[in-house]
Amino acid sequence: MMKYEKKITYEKKRNLILTSAMACSVLYLLWRLFFTLPLSAGGVQLFLGILLFAAEAVTILGTFELYCSKMRSAAKSITPMDIPAELYPCVDVLIATHNEPADLLYKTVNACTFLEYPDRRKVRIYICDDGNRPEIRELADSFHIGYLACPENKHAKSGNYNYALSKTASPLIATFDADMIPQRQFLMKTVPYFFAQEWISQNGILRKRSPEECSQVKKIGLVQTPQSFYNQDLFQFNLFMENNIPNEQDYFSREINVNRNSSNSAAYTGSNTVLLREAMETIGGFPYDTITEDFETSLRMQKEGYLTYATEEILAAGLSTTTVSGMMKQRIRWAQGVIQSIQNTNAVFTRKLPLAGRITYLNAYLYWWSFFARFIFILAPVLFALFDLQLVVCGFWDLLLFCVPAHILHQYASSYMSTNIRNLRWSQIIDTILSPYLILPVFLESIGVHQRNFKVTSKKKEQGNTANLKFMFPHLILTGLTVAAILKFLYGKYGTALIFSSVILFWLFYNLQALIFALFFMMGRKTYRQSERIAAREKVTVQVHAGEYEGMTADISEEGIAFEIEKSFYIPDDQEFSLRIETSCYQASLTARLVYMRETLSGYRYAATVKPVTERDRRQYLQIIHDRLHTHPKELDVWMTPYDELIRNVKKRLEKTLQQKRKALRIPIHQELTFSCEARAYVMDFNYHYLAVKDFSPGHWDSRSPLQLQLDAHTLYLTKPDAPQNARRIVLLKIQNLHELTDQGMELTKIAQMIREKGMECT
């Protein structure tokens, strides 16, 4: 009860803040329209002033639609039905592919074969191959699933899926992109939504609605779960923010699209979705005359009276694009496709959509013009400070009276718009990065110069630097202009003049911050790993030297694993050893080879490359990796300030990464020791394979036989490798019989302790 009351109180406070922000923004816009335009300037200056006002108006009014959607969204939520097992219908699972590699598809197909369902015979899986590739047919055969190859390869993804629809018949259709890996509960958590129209639960009893009741409830045409990603996106990776900001697309998938349930305008995003076949037949299948067939599919369903519903729970994850050029092509395609689909369906003016839905689609269209608006917002203070072009005619105190309250309330309201996934500052950084490359495509698409060729976004990860410096030039020019404007505007000003100049300086520095992040983004970052490392705490058993040790994984990937164990033990770096990893649902046996080990606060961490022993182990291990919620940030780190973020980027780009990843732990000894044959040396450290010594005096040792170090009942046999002496006169004495000692149950830390004690005896 108290929880419910707190929720009501929060919603009332939120609605009050959002309403106040809208009222204050309307007042600001009226003031801007009637009192601040440079009417007497004429010509270019007036045109630019009107352009700046239009950019502000579109941006502010666009937020109004988001605010209203947020305030209405809770009332439009749907609770999935708890339905008996026998009511679950047949489902066709369609996996779309064009030119993606077989090993990428393997992971998605593998996960689909593990999907839970009351009757697994009702789940029919198909690879829909628009490329007609023999290796993909072989992949389907190896998993004993269906293979559908579009014979003419026309109409890209739409043609591929429509051909699949013509060859299948299940009442529900689940669609996945080639890289999107579903969790095993995907169907169990999405299919029940489709019973909301025909069934109702009253007092815990499920009953079928009467025809009259059904007529008053819209059928669900599709259920869209969030697009999630198991790798870092470029904003996280290039800006060294992988632990501090969520994936950039989370804001749309988990916030905007869910809020659009309030106006029945939630978008189908092409994957991680279940569709009603009846709805697809009603709209005539996937549309052909757009490059965003998914977005237009949901729009056409809404026009035919079906509900499209977006959920918040992440049930599948894929690969975010890994190159700047790939990301830019992807965003341009989205922009062009959304504009095409809105024009194709007349979404803004059609009477088949409610007013709220039409306003949503108007805002969806205007959103792509926000990148032009961001460009204007960057240039406006530069034009004033550098070229004396005054686009806003007002005094300092008028600006404080109308602008500052609206800006503060807008900032405050944005914190209620999102569950800390995005704030205004990060929105502006992202828009600044993208804006130079979206302005022209959006303009051309809007005037009828259409892009009709569908291009698959490459998700291939390449080792090296993610930089693409040619994309940096527009941001370099804008940064140069902004810095020049700041210097010119500050020149000769002091005292009260600086105070009256503070508003312009604020916007110049505010824009400069976003531009610096854009430059950092384009500078990229070196990538070392071919596959993604995923944090996971699972039970692992290590088998080495006929001994067995239990621990927990720290992270896992397709090529490697890191695990933690309380005790240290010797693992030969030139030999394979065995691992077994277990979860509540999966178990896999792996062969491993040591990469490094190090001491931690709670024990010892080992890292190894791994290979599954059998094909079954490979399939199980992939599920261990991917059948989970990934641990990338779900919210912004509120403790990170802009200063912290800038300093981190500078430090990370200047520092030289010296990774201390040794295959054996280095344990300090720092004792003088006496060996056999009256040899003496100062032992610096022991790393299980070698004693590092200096000031080595061989006595009358003949190097053709091992040097001996007696440790109670045990003896270390040492040899001196043929290696040149370094400047510090350090000699490495290799331990020959380490295998025998560890096979006798000797712990390596115990050996180190015995060496240290031996040195104390000698002293």
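Between F372 and F375, the angle of the ring planes stays under 30°, which puts this pair in the parallel group of the 30/60° scheme.
At a cut-off of 3.5 Å, with distance as the only test, no side-chain donor of E293 or T297 sits close to an acceptor on the other residue. Between Y586 and D627, the side chains place a donor N or O and an acceptor N or O closer than 3.5 Å (distance only, hydrogens not considered). D141 and Y147 form no side-chain donor-acceptor contact under 3.5 Å, judged by distance and modelled atom types alone. A side-chain donor from one of T113 and R619 sits under 3.5 Å from a side-chain acceptor of the other. Donor-acceptor pairing under 3.5 Å is recorded for the side chains of Y365 and S446. Side chains of T269 and Q224: a donor-acceptor N/O pair is present below 3.5 angstrom, by distance only. Defined by atom type and a distance below 3.5 Å, a donor-acceptor pair is missing between the side-chain atoms of Q232 and S320.
Residues Y309 and Y193 place their aromatic rings such that the two centres sit under 6.0 Å apart.
The only member of Y163, Y161, F295 that meets ring-ring contact (aromatic ring centres under 6.0 Å, His included) when paired with F286 is Y161.
In R351, the CZ atom is not crowded: 12 or fewer heavy atoms of neighbouring residues, nucleotides or ligands sit closer than 6.0 Å.
Taking the ring centre of Y106 as origin, the terminal cationic atom of R618 falls inside the region bounded by 6.0 Å and 45° from the ring axis.
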